[in-house]
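Note that this is a predicted model, so its numbers are computed, not measured. Chain naming here is simple, since letters A, B, ... match the order of the sequence lines and numbering starts at 1 in each.
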Amino acid sequence: MAHPEPAGHEEEEHHGSPWPVIIAVGMGVGYVGIVTVSIPMLLAGVVIFGGGAGGWIHQDMQRPSSAFYGLAAAVESRLPQVSARKLGIWLFLATEIMFFSAIIGASWTLRLRTTTLGDAFQGPWAQPGEILNVPLTGLNTFILICSSLTMVEALAAVERGDQRKLRIFLLTTLLLGITFLSIQAFEYQHLYFGEGLTFKSAPFGVNPLYGPTFFAQTGVHGSHVTAGVLAMAYITRKAFKGGFTKENHEAVELVGLYWHFVDVVWIFLFTIVYLI
Amino acid sequence: MATATATETAGPHEESRKRPYVVVFAILAVVTLAELNVYSLGIPHLETITILVVLATIKASLVVAYYMHLRYEPRWIALIPLGGLALVAVLVAALTATSAHP
């Protein structure tokens with residue numbers, strides 16, 4: 001079965017790279033460091049991981065993007081074809097759904113059980129707007145929605161072969177992501193030092209578990225946005241180097257999928273943490 | 001020859017140009033504005049929560065369907081996130097059941 005090979009690909013492209021193996025080794029060493037509570041080993045893992053990721057990015061930056069249908073070829077006869085990489089991203093996002101559900105579920109359980117938690121954790125949950133600045137975060141939500149629009153417009157641009165708009169929209173998405181994180185950093189700083197919402201205590205007699213659940217839920221989301229911003233910076237740089245074409249631009253689509261997913265998570269988090 | 005190739009590849013891209021990205025964005029923005037003002041309606045707490053959850057679900061569905069292109073992908077791809085959501089349903093059910101009898 002012939003796959004839609006990108007135009008101009010006369011010969012089979014070599015996809016082999018040693019860097020993913022080095023990344024995996026780094027993660028392995030790092031996890032051993034965590035399990036054995038060995039800081040040097042954890043740091044060694046982080047260094048190996050970082051070196052592997054840097055090497056992989058450097059290697060990828062040197063050549064134009066290409067479509068890759070490896071795994072999809074095996075399931076093609078039964079199911080309509082989807083690229084292996086897109087399938088991988090969707091599977092990863094499914095695990096992310098479960099990850100965020102665990103964090104949100106744990107926080108929600110604590111919230112529902114504030115009366116049964118013992119003397120150290122007495123006090124009601126904060127009302128919407130009592131501690132958190134809802135209008136400011138409403139603005140931040142709007143910024144994230146705008147970034148989803150610019151991201152999808154970037155993909156539409158490269159699908160048309162419009163390099164100029166691809167670069168403009170990716171750069172805009174990157175800047176909107178950085179703006180979101182900056183506002184969140186300002187919010188954290190204000191809440192922690194201004195309002196006295198910490199990991200151990202809360203103002204206005206609010207339950208002391210309100211702080212840790214707030215920072216856990218919005219923090220893991222913020223770290224995901226940070227990862228998205230790093231990925232965005234990477235594909236934006238590659239776009240400015242002319243690394244994506246009308247035929248080969250799957251990385252733009254895949255980073256976009258992750259970016260929109262982080263937006264979807266925020267839609268629920270904003271409702272659960274700020275509005276309810 | 002070159003012209004023929006260009007015409008062939010124009011098909012899917014013409015289609016993608018028609019996708020309602022800006023319309024979806026407008027709906028998302030309006031619904032977000034509505035969410036911020038739900039409390040000014042002065043309706044009871046439980047109803048307010050229900051409205052907020054429904055609005056959030058509408059927004060998330062629009063992003064997944066149009067921006068993440070799930071609407072345009074082969075149907076079976078939707079089974080992957082639905083698998084994750086199935087486990088979420090189990091979690092919510094378990095939490096609800098145990099929270100009712102603390």
Residue [X] versus chain A: region with a heavy atom under 4.5 Å:
X	result
B/Leu91	side chain
B/Leu33	neither
B/Thr48	neither
B/Leu87	side chain
B/Val22	both

For the pair [X] and [Y], name the ring-plane relationship: parallel under 30°, tilted 30 to 60°, perpendicular over 60°.
X	Y	answer
B/Tyr72	B/Tyr66	perpendicular
A/Phe214	A/Tyr274	perpendicular
A/His224	A/Tyr258	parallel

Q. Between A/Gln184 and A/His221, does any side-chain donor sit less than 3.5 Å from a side-chain acceptor?
A. no
Q) Donor-acceptor pair, A/Ser148 side chain versus A/Ile145 backbone, under 3.5 Å? A)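 Pair absent, no side-chain N/O of A/Ser148 close to backbone of A/Ile145.
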Chain B interface, residue from [options] that has the most non-hydrogen pairs under 4.5 Å:
options	result
A/Val264, A/Leu275, A/Leu257, A/Ile97	A/Leu275
A/Ile104, A/Val152, A/Thr141	A/Val152
A/Thr95, A/Leu91, A/Leu93, A/Asp263	A/Leu91
A/Ala94, A/Gly105, A/Ser101	A/Ser101

Checking heavy atoms, do the side chain of [X], its backbone, both or neither come under 4.5 Å from chain B?
X	value
A/Ile272	neither
A/Phe100	neither
A/Glu253	side chain

Report, as yes or no, whether the 6.0 Å neighbourhood of atom [atom1] on [X] holds more than 12 heavy atoms from other residues, nucleotides or ligands.
X	atom1	answer
A/Phe99	CZ	yes
A/Phe142	CZ	no
B/Leu41	CG	yes

**Q.** Leading residue by heavy atom contact count with chain A [cutoff under 4.5 Å; candidates B/Val24, B/Val38, B/Thr57]
**A.** B/Thr57
Q.
Looking only at heavy atoms and a cut-off of under 4.5 Å, which of B/Ala60, B/Ser61, B/Ala29, B/Gly83 has the most pairs with chain A?
A. B/Ala60
Q) Are any of the side-chain nitrogens in A/Lys86 or A/Glu250 under 4.0 Å away from the carboxylate oxygens of its partner? A) no
